[in-house]
Amino acid sequence: MLNRQVYVSDNEFIICPIADEDRDNYVELHRQINGEHTLFLNEHCKDMMWEQVLEGEDKVFSVFEINGDYCGSLELQNPDSDTPEIGIDLFENKRNKGIAPKVVKLLAKRCYKDRKVDYFLIRRTEFISQAIYLDFPTKKC
């Protein structure tokens, strides 16, 4: 199926670190979210924007269904913080199908295994209406 590094997967989804082969899907995703004026389509800064995605401080992941269909992206901002933020953007045809809560939880649990965090902040847009409940051990005071 996908011939690349997998960060985490289950029987429904595969989450991989973003890679060059994801560029067209990622640009289309941002066109769907931001319209034709997305900076990823701007001739003068599109390459700089893409380099920032690949090499910036935030960790960006591509989300695929188990059959290999691209769904969208997850972003882990401030990954070394005790309270990293998870952002998610999905293709229009993948929204409101319960994908967001599943993949956010999958990513958060995998991140929590790597490094214990106090809690995750979750960026929610008007496209995501489901609540996301993450069940992790709590710190004792």
* To do: Please step through side-chain contact (heavy atoms from CB on, under 4.5 Å) for the pair E21 and R4, ending with a clear verdict.
  => CA-CA 10 Å; E21 61 255 37; R4 59 192 291 182; 3.8 Å; yes

* Give the intermediate values and the outcome of side-chain contact (heavy atoms from CB on, under 4.5 Å) for residues V27 and M49. => CA-CA 10 Å; V27 169; M49 294 292 294; over 6 Å; no

* Could you give me the CA-CA distance, side-chain angles and deciding distance for D82 and V117, then say whether side-chain contact (heavy atoms from CB on, under 4.5 Å) is met? => CA-CA 5 Å; D82 289 338; V117 297; 5.6 Å; no

* Please report the C-alpha distance between Y26 and V60 in whole Å, then the side-chain angles of each, then the deciding distance to 0.1 Å, and finally whether the side-chain contact (heavy atoms from CB on, under 4.5 Å) criterion is met. => CA-CA 11 Å; Y26 191 83; V60 182; 4.1 Å; yes

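Not counting sequence neighbours, the partners of K46 by the side-chain contact (heavy atoms from CB on, under 4.5 Å) test are R23, E43. Take K94 and apply the side-chain contact (heavy atoms from CB on, under 4.5 Å) test, not counting sequence neighbours, and it matches E65, D69, C71, L90, F91, I99. S62 is linked by a side chain to side chain donor-acceptor pair (under 3.5 Å) to D22, counting only residues two or more places apart in sequence or in another chain. Among residues two or more places apart in sequence or in another chain, the side-chain contact (heavy atoms from CB on, under 4.5 Å) test is passed with E92 by Q32, R95.
Stacking of K59 on the aromatic ring of F61 is not recorded, the 6.0 Å distance cut-off and the 45° axial limit not both being met.
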Could you tabulate the donor-acceptor pairs under 3.5 Å formed by side-chain atoms of residues 5-20, not counting sequence neighbours?
{"residue": "Y7", "atom": "OH", "partner": "D114", "partner atom": "OD2", "Å": "2.8"}
{"residue": "D10", "atom": "OD1", "partner": "E12", "partner atom": "N", "Å": "2.8"}
{"residue": "D10", "atom": "OD1", "partner": "F13", "partner atom": "N", "Å": "2.7"}
{"residue": "E12", "atom": "OE1", "partner": "K102", "partner atom": "NZ", "Å": "3.2"}
{"residue": "D20", "atom": "OD1", "partner": "W50", "partner atom": "NE1", "Å": "3.1"}

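Counting heavy atoms from C-beta outward, L74 and V104 have side chains that approach closer than 4.5 Å. Taking 4.5 Å as the limit, some side-chain heavy atom of C111 sits within range of a side-chain heavy atom of L76.
Between P84 and P79 the shortest heavy-atom distance is CB-CA, 4.3 Å.
Atoms OG1 and CG, from T83 and D118 in turn, are 7.0 Å apart once rounded to the nearest 0.5 Å. Residue I86 holds its CD1 atom at 11.0 Å from CD of E75, rounded to the nearest 0.5 Å. Taking CZ from R31 and CD1 from I33, the interatomic distance works out to 10.5 Å, rounded to the nearest 0.5 Å.
Within 6.0 Å of atom CG in N93, more than 12 heavy atoms from other residues, nucleotides or ligands are found, so the atom counts as buried in its surroundings.
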